[in-house]
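Below is one structure; the comments refer to it alone.
Atoms considered below: every heavy atom in the structure, side chains included; atoms not considered: hydrogens, waters and symmetry mates.
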Amino acid sequence: MSRPYLLAAMMAILAILPLSAHAAAYPTGFYAFLLKYTNQGTINSSVYYNQSVGQNTYIVMELSSGSYALINSTGGAYSFVLNNDTVYAAMQGFALTRFYPTNSTLSKLNSYMASYEQTAATNITMCITSTGLNRFTCTEANACQSCYSVPICKDFIVLYGSGNTTTYTSVSNLMGQAIENFSNNYNMLNSSYNSYNSILSSINTTNTYTTLSQLQSVVSRISNISTALPKNQLFPLPQGFSPSNLSSCYIGVPSSQPWYCNPIGFCPPISFNATDLYDIHALLTASLSTPISSGGIKAFSSNVTKEDYLMVAPQVVTGLKALIAEYSGRFNATSYNASALLFAYHNASLSGSLTALQGTYTQLANLNISRNATSYNATLTAQFANVTSLYATLHGQYSSIKDLATNNTAVIEARELEYQNEPAQLATLAYTQQSINDLLAVGINSSQYASVYAELKSVHNGLGSIGKPIYMGAFVKSVDGGILNSILSGSNAPVPSKLASAPFYVFLITLLIGILVIFAIYMVTYNRWNRKKKLHMHPGAKRAWLLLFVVLGAIAVLVSYATYTYAQQANSFLPIDGFAQQLASHSNAFIAYNGSAAYSNASIEQCVNAVQASLNSTGKSIKVITMQNYTCTGTGESPTCFDQLLSSGTPTIVVSEGQISSVVYRGLYGHALYASGQSVVGSSCYLSSVVKAQ
């Protein structure tokens, strides 16, 4: 049970343990370096240790607060170590040495256990001798030979037998079982003591955590055995045992009753000094809480890295903040532009370069002091150059596609409004262009550039080959429009009546012009020659002249009727070219909400605002009016203001709410573009595209 020479052996082991860290004095350059980051008081109150890892040398700085910092001193150049992997490599050996149990701790672990063992050793030895366990064993197989070898023990075992007073052949005897249990516990306790001493003697800097953990486990086992050992019938009831517990005892087989129901008291009582075991447990817990495990060393190294950051942060952060201020505007613009382009024009190289730039800038913005301002500046400069170069190339490609697509779409929208019945070629080109627009809306890869651009050029060339249509209604408006406006402007009839009757007035104007032309022909031919007696007409000639003027009259009527027919068509549709020309020739234009439903519709209002913005951007002055049944209803507006706009030829866009989506230029009276339905919904309404295309 004793441990001869154990303490002396452990002291010898400790004496030869290698120390990789020790207090030292350093060159003045080292202290000058520290003054850049901390004050003289902190420098003076700290303790310094040398540490080497391979060819690199370090100085560990233990601050008065108990925290640590690591300084690279390789080659006489000093710098705080900010890479956690490097810190871990350097601090691993330092921690195992720095936090290795002290000589005092190891000595106490030895002496406390020796004291704990000695407190019960005497009475345990007496019990072993009294039961003969020092010479023989006690088992069921040998009928507890150890006890039968001692006369007094033999008497007791017979006394506590099962009624047989002369012989004992079964360990089922109460005392026999007690001796056997005592023997087993004693052997386990003695084995645990030996394990404790063996493990403690094997401790070194490479196995500290494992060894201390094993010791803690053995101490727990010793505590359990020490608690169970006195609860054996061989010993009397311990001091302080409450007699009330005996009330639970009952008559029956003694071996099945609690230990305290049948105390034999053959051996003297035993007790252990629990304070010794408690002190051992406290020492082990304290030692295990130091950074000597793998996880503990990692956490310790991480804290060292943080301390290094705190040391250099004030100086480095100042430079980083200045760099942030310098780059923030450029970064935001570059990131926004590149992200917007990538949304529509996918490219792996630009995406990767932008991600790298954003990652570096995010580190900078988070004041990542593992890299200084100089390092960030060099990295960002290169990354900005890479992103900017790629962006310029790709933006040029995408712009050529987008501009051509926008131009084609505008031309198609304008050409579609030139036809009442869209020609098949234009419909095919419009379908192709819409397919490309749909593709561009979800974004394309830069690898698709060549094929998409070629298809757009094909649409562009196809649009150039489509001739403009000829509409007689437009010709009628150009010839009779001015006269018609003068006639209708003097009428007090409602605007709808004027619009509806315009073709009839055109018919009258044309017929009047025809009559005047026939009369002029009559005056310069037949009448003139007849007055000068130059005509010697016989009845056949007179009939010929009459027939001529009848034919001319019929032609005038037919032309007037044809004009009337074309005029009626013009009331339904006119090529938008006429409105575009009128819009181009005026410095101002009007937008009219037709009906309260249109005026109160927020989505239509968005469209009107977009159209107004488009026209304003071309330098035109735009006024918005409201009307109901072609009567102006806005504050300060004359009820006849729309009539006045028509009669003056001022270009006006009439916006209505409706189920049918349309944009159409029509009517002989005035210059009005009528739009309704989905064409006038939202800020990106079709009406806005049409206006931009003019």
| message | Once you measure the plane-to-plane angle for Y665 and H671, does it fall in the parallel (<30°), tilted (30-60°) or perpendicular (>60°) bin? | response |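 Y665 and H671: parallel rings.
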
Pairs involving residues 385-450, ordered by first then second residue, that meet disulfide (SG to SG under 2.5 Å) (sequence neighbours left out):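 Listed by first then second residue: nothing to list.
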
[X] versus [Y], closest heavy-atom pair with distance:
| X | Y | value |
| --- | --- | --- |
| V452 | I444 | CG2-CD1, 4.3 Å |
| S679 | C607 | O-SG, 4.1 Å |
| S656 | V680 | O-CG2, 3.7 Å |
| I401 | L456 | O-CD1, 3.4 Å |
| S353 | L390 | OG-CD1, 3.5 Å |
| L394 | S446 | CD2-CB, 4.1 Å |

Test item: [X] and [Y] side chains (from C-beta on) under 4.5 Å apart, heavy atoms:
| X | Y | result |
| --- | --- | --- |
| V459 | I412 | yes |
| S683 | N609 | no |
| I653 | F579 | yes |
| V608 | E605 | no |
| L463 | L426 | yes |
| L583 | L615 | yes |
| Y674 | S662 | no |
| L341 | Y391 | yes |

Working to the nearest 0.5 Å, report the span between [atom1] of [X] and [atom2] of [Y].
| X | Y | atom1 | atom2 | answer |
| --- | --- | --- | --- | --- |
| N408 | E455 | CG | CD | 10.5 Å |
| N83 | T305 | CG | OG1 | 7.5 Å |
| N594 | N629 | CG | CG | 7.5 Å |
| I436 | Q434 | CD1 | CD | 10.0 Å |
| I622 | N588 | CD1 | CG | 7.5 Å |
| K623 | T650 | NZ | OG1 | 11.5 Å |

Taking atom [atom1] as the centre, does [X] end up with more than 12 heavy-atom neighbours from other residues, nucleotides or ligands that are less than 6.0 angstrom away?
| X | atom1 | result |
| --- | --- | --- |
| Y599 | OH | no |
| D403 | CG | yes |
| K620 | NZ | yes |
| Q678 | CD | no |

Could you tell me whether the side chain of [X] and the main chain of [Y] form a donor-acceptor pair under 3.5 Å?
| X | Y | answer |
| --- | --- | --- |
| N445 | S447 | no |
| S389 | A385 | no |
| S647 | Q644 | yes |
| N461 | K457 | yes |
| S399 | G396 | no |

Decide whether [X] and [Y] meet the rule of one side-chain donor and one side-chain acceptor closer than 3.5 Å.
| X | Y | value |
| --- | --- | --- |
| T381 | Y327 | yes |
| S335 | Q358 | yes |
| H395 | Y345 | no |

Residues passing the side-chain hydrogen bond (donor to acceptor under 3.5 Å, both in side chains) test with N437, sequence neighbours excluded, are T409, Q433

Among residues at least two apart in sequence or on other chains, which ones pass side-chain hydrogen bond (donor to acceptor under 3.5 Å, both in side chains) with T360?
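Once residues adjacent in sequence are excluded, the partners of T360 under the side-chain hydrogen bond (donor to acceptor under 3.5 Å, both in side chains) criterion are Q383.
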
Could you go step by step and tell me if Y453 and Q397 meet the side-chain contact (heavy atoms from CB on, under 4.5 Å) rule? CA-CA 9 Å; Y453 185 79; Q397 291 180 356; over 6 Å; no

Please step through side-chain contact (heavy atoms from CB on, under 4.5 Å) for the pair T428 and Q425, ending with a clear verdict. CA-CA 5 Å; T428 300; Q425 184 182 1; 5.8 Å; no

- side-chain contact (heavy atoms from CB on, under 4.5 Å) between L380 and L357: does it pass, once the steps are laid out? CA-CA 7 Å; L380 286 171; L357 173 62; 3.7 Å; yes

Check your understanding: Mind checking whether Y37 and F80 have ring centres under 6.0 Å apart?
Key ->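 Judged by ring-centre distance (under 6.0 Å), Y37 and F80 do meet the cut-off.
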
### Task
Show the numbers, then the answer: is there a side-chain contact (heavy atoms from CB on, under 4.5 Å) between T626 and E637?
CA-CA 9 Å; T626 60; E637 296 173 2; 4.2 Å; yes

